[in-house]
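Throughout, protein chains are lettered first and strands after them, A, B, ... in sequence-line order, and every chain is numbered starting at 1.
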Amino acid sequence: AQSVTQLGSHVSVSEGALVLLRCNYSSSVPPYLFWYVQYPNQGLQLLLKYTSAATLVKGINGFEAEFKKSETSFHLTKPSAHMSDAAEYFCAVSENQGAQKLVFGQGTRLTINP
Amino acid sequence: DARVTQTPRHKVTEMGQEVTMRCQPILGHNTVFWYRQTMMQGLELLAYFRNRAPLDDSGMPKDRFSAEMPDATLATLKIQPSEPRDSAVYFCASALSGGSYEQYFGPGTRLTVT
């Protein structure tokens with residue numbers, strides 16, 4: 001069965017610093033991978049997705065993620081953190097390509113220090 | 001722009017009462033998911049529908065929870081009787097089958113059972 005592990009339940013960076021949120025997945029089939037962001041008291045919003053095209057995926061708000069099959073990773077990065085990036089981030093893997101179910105990681109809370 | 005809507009946004013009820021949460025998926029989306037989010041368990045998939053038919057409700061406590069889609073524009077999640085352990089945020093998400101598998105989330109219903 002597919003699974004997702006997000007390393008670090010809480011990450012804190014300074015404004016302007018690099019953001020790196022880690023995600024490793026387990027999948028028996030070529031996966032579809034997603035990053036979602038959740039701001040306080042809101043639903044999840046799609047940041048970006050990997051669907052077997054380019055391995056480097058660019059998303060909204062300056063975020064990008066790289067699919068590395070050899071490392072079974074899909075880490076999320078942003079070169080320069082902004083205060084508005086403070087939120088919870090979820091990595092997800094499609095359970096299989098037909099069912100469209102997503103398996104979510106436990107989430108990483110990103111804090112930005114001024 | 002097209003969004004998933006959920007009502008009510010907040011619900012406080014006493015143990016033993018019936019709770020009904022409603023979701024309007026994005027027009028044209030034929031797949032609807034119900035999730036529950038808690039601090040302890042994170043995001044859990046409760047049930048999902050395609051073309052109004054239930055495909056998987058294995059994540060839902062069968063004795064007290066029920067989910068339906070009376071029509072293509074309305075999904076409901078009912079809890080009867082409610083218990084304090086049901087306190088959580090319940091999210092609805094919709095997707096288009098055959099698309100690129102991303103799910104679009106509503107703002108959630110925050111349920112408190114006292």
Exercise. With a 4.5 angstrom heavy-atom cut-off, could you sort out which part of A/Gln42 is near chain B: side chain, backbone, both or neither?
Key: backbone

Quiz prompt | Side chain / backbone / both / neither for A/Leu46 at chain B, heavy atoms under 4.5 Å | solution = side chain

Exercise. Is it possible for you to say whether A/Leu20 and A/Leu110 belong to one hydrophobic cluster, with membership spreading through side-chain heavy-atom contacts below 4.5 Å?
Key: no

Quiz item: What part of B/Met39 lies closer than 4.5 angstrom to a heavy atom of chain A: side chain, backbone, both or neither?
Solution: neither

Quiz item: Transitively linked via ILVMFWY side-chain contacts under 4.5 Å: B/Leu77 with B/Leu74?
Solution: no

Quiz item: Rounded to the nearest 0.5 Å, how far apart are CG of B/Leu45 and NZ of A/Lys101?
Solution: 5.5 Å

Quiz prompt | Test item: B/Phe105 and A/Gln45 side chains (from C-beta on) under 4.5 Å apart, heavy atoms | solution = no

Quiz item: Where the side chain of A/Tyr36 meets the backbone of B/Gln103, is there a donor-acceptor pair that is under 3.5 Å apart?
Solution: yes

Self-check item: B/Gln37 portion near chain A, given a 4.5 angstrom heavy-atom threshold
Solution: side chain

Exercise. Decide yes or no for A/Leu102 and B/Leu43: does some side-chain heavy atom of the first lie under 4.5 Å from some side-chain heavy atom of the second?
Key: no

Quiz item: Does atom CZ of B/Arg64 have more than 12 heavy-atom neighbours, drawn from other residues, nucleotides or ligands, at distances under 6.0 Å?
Solution: yes

Practice problem: Tell me, yes or no, whether the heavy-atom count around B/Lys62 atom NZ, taken from other residues, nucleotides or ligands under 6.0 Å, exceeds 12. | Solution: yes

Exercise. Check whether A/Val37 and B/Phe91 end up in the same hydrophobic cluster, where Ile, Leu, Val, Met, Phe, Trp and Tyr are linked by side-chain heavy atoms less than 4.5 Å apart.
Key: no

Self-check item: Verify same cluster id: A/Val11, A/Trp35 (apolar side-chain graph, 4.5 Å)
Solution: yes

Quiz item: In terms of heavy-atom contacts, does CG of B/Leu27 have more than 12 from other residues, nucleotides or ligands at under 6.0 Å?
Solution: no

Quiz prompt | Rounded distance (nearest 0.5 Å) linking atom CG of A/Asn41 with atom NE2 of B/His10 | solution = 6.5 Å

